[in-house]
Protein chains: 2
Amino acid sequence: MSGFLRYKKILDLFSEERSSWTVLEISKALKKPSSTIYRIIREMVLAEFLESAAGSYFRLGPAFIKFNRIINFSDPLVRAGQPFLKKLADENPITSVNVLARLYGNKVMCVADYKSPSFKKNTSYQRGKLMPLIYGATSRAIIMQITNRKLQDLINLENFKSDEDKNNFLKDLKNDRKKGYCITEGQVDKGLIGFAVSISNKKLGIEASLSSIFDLDEFLLEHEPIIYANLTSYGLLVEKYINEIFEDIQNYHHETNSIR
Amino acid sequence: MSGFLRYKKILDLFSEERSSWTVLEISKALKKPSSTIYRIIREMVLAEFLESAAGSYFRLGPAFIKFNRIINFSDPLVRAGQPFLKKLADENPITSVNVLARLYGNKVMCVADYKSPSFKKNTSYQRGKLMPLIYGATSRAIIMQITNRKLQDLINLENFKSDEDKNNFLKDLKNDRKKGYCITEGQVDKGLIGFAVSISNKKLGIEASLSSIFDLDEFLLEHEPIIYANLTSYGLLVEKYINEIFEDIQNYHHETNSIR
DNA sequence: TTATAATTATCATTATTTGATAATTTAATT
DNA sequence: AATTAAATTATCAAATAATGATAATTATAA
């Protein structure tokens, strides 16, 4: 265990389910002597990536809140898409959860979400949550824009139940690519239906999706064209804004570099 | 430069104002050879703490969004206080920004905020933003609960204009401690008035504040008693919930430890 | 106060980082 | 498609830092 991994392995222990650890627990989990863990933890506490809590427990530190904010204000995808989620929700024919998600390793991560105030059911899509790559429209609209080697690598990491399962998935992917958007029912959350379009920007390396999720109890077939129209138009709008932001960033860097 | 600092120094370059850097720029800024920076950056990209963007720039990675989420769902202060911010806003006599903030190093960080939808002015208090320790009611209600050595250390880090300035600050602090809450006008944002109460929990090491910020153009003296009543009652409520969460955590750890 | 747990310090050994440079890959331009 | 420049990775000996066993100290609880 060396380099950044030494720190990351500790951070990765912290989860929603288990958000505080003692040095001894960490030392057991990572099979490292506690003197080593103490030394590392001390460094991370100093850097505010961890903080000590009651009862000699440690938890994640405020540095994450700070850097998260910087991302919020600067990430082109979040900046471009965030403001449209509420509008999308307001224009949808029924209450919805609206999500901006992106590839994160071999998972999909929601980076922004807006739920209509009166939406009743619980959904898995909340900012920061990691979701499976192969289930749900949100994820599908991301993976369907990935090709060649990268797609192969990602798919090889997935555990399909059978070869047939895998082939079906690939066939669906092909169809969705042709249609330009995805619909899935209950793949992630029972009783919900999701619609999604791809969001991409080659130059910025953005592989993302915009999606609206509805309660199956409220959803009617006649809603589909409106949902589809909303998603595609807002999707294009988000991509347009990403481009503008990209140009802003470029100009900024040109300026600051020429000043020097 | 060794240990975690090596990584932190790079991360600390990234700010709202300057959210993407090339390896060469980092290498200049930190006065380190680019081969070294490349090696470090590669590690951090692999860990998703950085990600490569267009034009050989790098920016903060999605790991921060993920860990930020875990904090949101597990930090006792956020969990206990977050749900009350909207209620506080709704019960205030005029539109307001409501903030939960805590000590972060020698600064104050907002960890949750709720703005009345129709609040017009811009405020500095937004989740994740670092604020000065000695200005504004939000900060004052935090520092006023700190004593002895820790207070000395924190105050020594501040640059007061004069000794008189410093003495005035200490005098105000004493008064606020007696009163049990703080009011400041325009210290952080011109045209705004802030009210704050302390939030603390010894066992959890929480030194925080709950505050409501109003537009001076809307604020009337007769609002003060209601504001005061709201803040103190919600402040106590938040502290009560922090305590309950603390006990939940304890029980959880007892269970998991006895199972093993 | 005493006892126990938590944390820090020490230090020789072992392993890793460093930085100069070369090699390779990628992107831009002709 | 070929050329060039820029970005990134690889190499390796020297310098530096991490490790972990143990001892010492400090905080916490009984």
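Labels below follow one simple rule: chain letters A, B, ... track the order of the sequence lines, proteins then strands, and each chain is numbered from 1.
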- Remember a base hit wins even if backbone is also touched, and classify A:Arg39 as base, sugar-phosphate or nothing at under 4.0 Å, heavy atoms.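 Base, at least one base heavy atom under 4.0 Å.
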- Task: Report which part of the nucleic acid B:Ser35 touches: base, sugar-phosphate, or nothing (heavy-atom distance under 4.0 Å, all strands).
- Result: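 Base contact.
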Does the ring of [Y] carry [X] above it, NZ/CZ under 6.0 angstrom from centre and within 45° of its axis?
{"X": "A:Arg102", "Y": "A:Tyr104", "answer": "no"}
{"X": "A:Arg69", "Y": "A:Phe73", "answer": "yes"}
{"X": "A:Lys179", "Y": "A:Tyr181", "answer": "yes"}

- Task: Give the first and the last nucleotide of DNA chain D, reading 5' to 3', that has any atom under 4.0 Å from a heavy atom of chain A.
- Result: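 It runs D:dA18 to D:dT22.
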- Earlier contact from the 5' end, DNA chain C, for A:Leu24 and A:Gly3: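 Its nearest nucleotide lies further toward 5', so the answer is A:Leu24.
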- Item | First encountered from the 5' end of DNA chain C, between B:Glu43 and A:Ser56 |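 This one resolves to A:Ser56.
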Within this structure, what is the [atom1]-to-[atom2] distance between [X] and [N], rounded to whole angstrom?
{"X": "A:Phe58", "N": "C:dA5", "atom1": "CZ", "atom2": "P", "result": "17 Å"}
{"X": "A:Phe4", "N": "C:dT18", "atom1": "CZ", "atom2": "C1'", "result": "19 Å"}
{"X": "B:Met44", "N": "C:dT17", "atom1": "CE", "atom2": "P", "result": "14 Å"}
{"X": "B:Arg42", "N": "C:dT17", "atom1": "CZ", "atom2": "P", "result": "12 Å"}
{"X": "B:Lys31", "N": "C:dT18", "atom1": "NZ", "atom2": "P", "result": "17 Å"}

- Item | Salt bridge B:Glu207-B:Lys150, side-chain N to carboxylate O under 4.0 Å |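 So B:Glu207 pairs with B:Lys150 through a salt bridge.
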- Query: Charged N to carboxylate O under 4.0 angstrom, A:Arg18 versus A:Glu25?
  - Reply: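 Here A:Arg18 pairs with A:Glu25 in a salt bridge, since their nearest N and O are under 4.0 Å apart.
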- Task: Kindly say if B:Lys32 contacts the phosphate of C:dG19, meaning a side-chain N or O under 4.0 Å from OP1 or OP2.
- Result: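 Yes, because at least one side-chain N or O of B:Lys32 sits under 4.0 Å from OP1 or OP2 of C:dG19.
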- Message: C:dT18, OP1 or OP2 - any side-chain N/O from B:Thr36 closer than 4.0 Å?
- Response: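 It does not, given that no N or O in the side chain of B:Thr36 lies less than 4.0 Å from OP1 or OP2 of C:dT18.
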- Task: Considering non-hydrogen atoms only, spot the tightest contact between B:Ser19 and B:Arg59 and give its length.
- Result: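 Between these two residues, the closest heavy atoms are O-CB, 3.4 Å.
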- side-chain contact (heavy atoms from CB on, under 4.5 Å) partner of A:Ile41, chosen from A:Phe49, A:Trp21, A:Tyr7, A:Phe58: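 That would be A:Phe58; it is the only one of A:Phe49, A:Trp21, A:Tyr7, A:Phe58 passing the side-chain contact (heavy atoms from CB on, under 4.5 Å) with A:Ile41.
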